[in-house]
Amino acid sequence: VQLQASGGGLVQAGDYAQLSCAVSGRTFSSLTVGWFRQAPGKERVFVAAVRTTGATVYRDSVKGRFTISRDNSKNTAYLEMNSLNPEDMAVYYCAVRTNSKFLNSDILRYRHSYDYWGQGTLVTVSS
């Protein structure tokens with residue numbers, strides 16, 4: 001399974017950005033997709049996840065600002081980010097989990113629940 005994340009770059013505080021994660025090598029509709037981020041000197045943390053059903057889970061600090069979605073016809077997941085602030089600056093990683101059964105929110109928030117990872121895309125937010 002290969003994941004290609006894209007869409008990062010330099011944005012101003014308060015701006016919008018959209019990340020994409022193109023997935024190949026597996027039936028995309030059967031995969032659970034998550035986005036994580038890692039700021040300099042910090043651990044990689046959960047941001048959002050979308051189940052095969054389209055149901056979503058978010059990190060508290062991004063609720064209401066970020067939207068995760070998926071387009072099974074394009075084998076791609078998206079992370080739309082509004083009202084970006086400097087605390088959102090990080091390398092963003094997409095990941096997929098192949099076993100999508102019986103997933104509760106706690107499992108989706110755990111980085112080791114995911115089987116394959118993309119290379120990461122940097123989002124820089126200037127204040």
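The shown structure was predicted, so the numbers you read here are calculated from the model rather than taken from an experiment. Both backbone and side-chain heavy atoms feed into the values below; hydrogens, waters and symmetry mates do not.
The stretch residues 90-115 participates, sequence neighbours left out, in no salt bridge (Lys or Arg N to Asp or Glu O under 4.0 Å) pair at all.
The CG atom of Asn85 sits 11.5 Å away from atom CG of Asp15, with the distance rounded to the nearest 0.5 Å. For the atom pair OG of Ser6 and OH of Tyr78, the computed distance is 9.0 Å after rounding to the nearest 0.5 Å. Distance CG/Leu79 to CZ/Arg70: 14.0 Å, rounded to 0.5 Å. Distance check: Leu84 CG to Ser127 OG gives 13.0 Å after rounding to the nearest 0.5 Å. Annotation: the span from Thr98 atom OG1 to Tyr116 atom OH amounts to 6.5 Å, rounded to 0.5 Å. Here the straight-line distance linking atom CG of Asp88 with atom OG of Ser83 works out to 9.5 Å at 0.5 Å rounding.
Residues satisfying the ring pair (Phe, Tyr, Trp, His ring centres under 6.0 Å) test with Tyr114, not counting sequence neighbours, are Phe36.
Looking at Val11 and Tyr16, their side chains never come closer than 4.5 Å, going by heavy atoms from C-beta outward. For the pair Arg26/Val96, no side-chain contact is recorded, criterion being any heavy-atom separation below 4.5 Å from C-beta on. Contact of the Met81 side chain with the Arg65 side chain is not registered, since no non-hydrogen atoms from C-beta on lie closer than 4.5 Å. Proximity of Leu3 to Cys21: side-chain heavy atoms (C-beta onward) are separated by under 4.5 Å at one or more points. Side-chain contact between Arg37 and Val123 is absent, with no heavy atoms from C-beta onward closer than 4.5 Å.
Tyr110 and Val45 fall into different hydrophobic clusters, defined by Ile, Leu, Val, Met, Phe, Trp and Tyr side-chain heavy atoms under 4.5 Å apart, directly or through other members. In the hydrophobic clustering of this structure, Val125 groups with Val47; members are Ile, Leu, Val, Met, Phe, Trp, Tyr whose side-chain heavy atoms approach within less than 4.5 Å, directly or through other members. Residues Val23 and Leu19 share a hydrophobic cluster, clusters being chains of Ile/Leu/Val/Met/Phe/Trp/Tyr side chains in contact below 4.5 Å. Under a hydrophobic-cluster definition in which Ile, Leu, Val, Met, Phe, Trp and Tyr are linked whenever side-chain heavy atoms come within less than 4.5 Å, directly or via other members, Tyr58 and Val33 are assigned to the same cluster. The hydrophobic clustering, which links ILVMFWY residues whose side-chain heavy atoms are closer than 4.5 Å, places Trp35 and Phe28 together.
Taking a 6.0 Å sphere around CD of Gln18, one finds it holds more than 12 heavy atoms contributed by other residues, nucleotides or ligands.
Checking side-chain atoms of Thr56 against main-chain N and O of Ile68 turns up no donor-acceptor pair under 3.5 Å. Arg44 places no side-chain N or O within donor-acceptor distance of the main-chain N or O of Gln38, the cut-off being under 3.5 Å. No donor-acceptor pair under 3.5 Å is formed between the side chain of Gln119 and the backbone N or O of Gln4.
Minimum interatomic distance between Asn72 and Ser29 (heavy atoms only, all atoms of both residues): ND2-CB, 3.7 Å. Residue Thr27 comes nearest to Ser30 through the heavy atom pair O-OG, 2.7 Å, listed as atom of the first residue, atom of the second, then distance. Here the closest heavy-atom approach between residue Gln12 and residue Ser126 is recorded as OE1-OG, 3.3 Å. Among all heavy-atom pairs drawn from Arg51 and Leu103, the shortest one is NH2-O, 3.2 Å. Looking at every heavy atom in both residues, Ala90 comes nearest to Ala39 through CB-N, 3.7 Å. Of all heavy-atom pairs between Thr76 and Ser20, the closest is CG2-CB, 4.2 Å.
A side-chain donor-acceptor contact under 3.5 Å links Ser100 and Thr32.
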